Amino acid sequence: MKKITRELLRDWYACYSDDRIHELVPVEGLTPAQVLDRTDVPVEDRLWVVLRESVIPRRELHLLACKWAREALAVVGNPDPRSVAAIDCAERFARGKATTEELAAARDAACAAAWDSACAAACDAACDAACSAACDAAWAAARAAAWAAAWAAACDAARAAQVADCRATLTTLAGDAIPQ
């Protein structure tokens, strides 16, 4: 099995400094299994090292991808059959039992399934957002209407008071002007 060496990591443009690479990788290198066992390296970095054709052959990488895709679809609960069929076809292709045309057709069907799901999710999200926005707008409008109504009521009350005051004043003035 291929050894992961310091030089190989440099050739792959690992984002670790030379000092860190020297600290992690002995002169003789590490097997891919040893890389995966390194708990002092983030898991995504360990996978970055081993998930390449120069470490794991293409066929096995494809089969791993199919396995992980199946596991991801299992989380969905009721995946689109086109997605499941695409994984089946990809596995057959990796084993040499499906053509590139079959794989392309399965990929296109899976893309359509993803697009349909994305559109449905986007539609749901848009509906939720629209509903939320409508609720927010309704509350804002209700607050504004309540404020306007309160203001109008206050103004009406003030005007009514002004009218009453004016009437009282006029009555008083008229009373003074009119002999009793």
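No experiment lies behind these values; they were computed from the predicted model shown. Position 1 is the first residue of the sequence; numbering continues from there.
Checked against side chain to side chain contact (heavy atoms under 4.5 Å, CB included), Asp108 has no partners two or more places apart in sequence or in another chain. Evaluation of the side chain to side chain contact (heavy atoms under 4.5 Å, CB included) rule for Ala113 yields Asp80, Arg82, Ser83 as partners, not counting sequence neighbours. Evaluation of the side chain to side chain contact (heavy atoms under 4.5 Å, CB included) rule for Trp12 yields Ile4, Leu8, Leu9, Trp48, Val49, Arg52, Ser54, Val55 as partners, not counting sequence neighbours. Among residues two or more places apart in sequence or in another chain, the salt bridge (Lys or Arg N to Asp or Glu O under 4.0 Å) test is passed with Asp45 by none.
When side chains are defined from C-beta on, Val25 does not count as touching Thr5, because their heavy atoms never get closer than 4.5 Å. Looking only at side-chain heavy atoms (C-beta outward), Lys3 and Leu30 stay at 4.5 Å or farther from each other. Put simply, the side chain of Arg46 does not reach to within 4.5 Å of the side chain of Asp37, judged on heavy atoms. Using a 4.5 Å heavy-atom cutoff, the side chains of Glu91 and Arg70 are in contact.
Under a 4.5 Å side-chain heavy-atom criterion applied to ILVMFWY residues, the cluster that includes Phe93 comprises Leu103 as well. Annotation for Leu63: hydrophobic cluster partners, listed by chain and number, are none (ILVMFWY side-chain heavy atoms under 4.5 Å, direct or chained).
Tracing side-chain contacts under 4.5 Å through hydrophobic residues (I, L, V, M, F, W, Y), one reaches Leu47 starting from Tyr16; they form part of the same cluster. Leu24 and Leu36 fall within a single hydrophobic cluster, where Ile, Leu, Val, Met, Phe, Trp and Tyr are joined by side-chain heavy atoms under 4.5 Å apart, directly or via other members. If you chain together hydrophobic residues whose side chains sit under 4.5 Å apart, Val75 and Leu64 never meet in one group. Cluster membership for Leu51 and Val43, using ILVMFWY side-chain heavy atoms within less than 4.5 angstrom, is shared.
Crowding of Asp40 atom CG: a count of heavy atoms from other residues, nucleotides or ligands under 6.0 Å exceeding 12.
Atom-to-atom distance recorded for Glu28:CD and Arg6:CZ is 8.5 Å, nearest 0.5 angstrom. Going from atom CZ of Arg92 over to atom SG of Cys66 covers 10.5 Å, rounded to the nearest 0.5 Å. Between the CD atom of Glu71 and the CD1 atom of Ile87 there is a distance of 10.0 Å, given to the nearest 0.5 Å.
Of all the heavy atoms in Cys89 and Ala106, the pair that sits closest is CB-CB, 3.7 Å.
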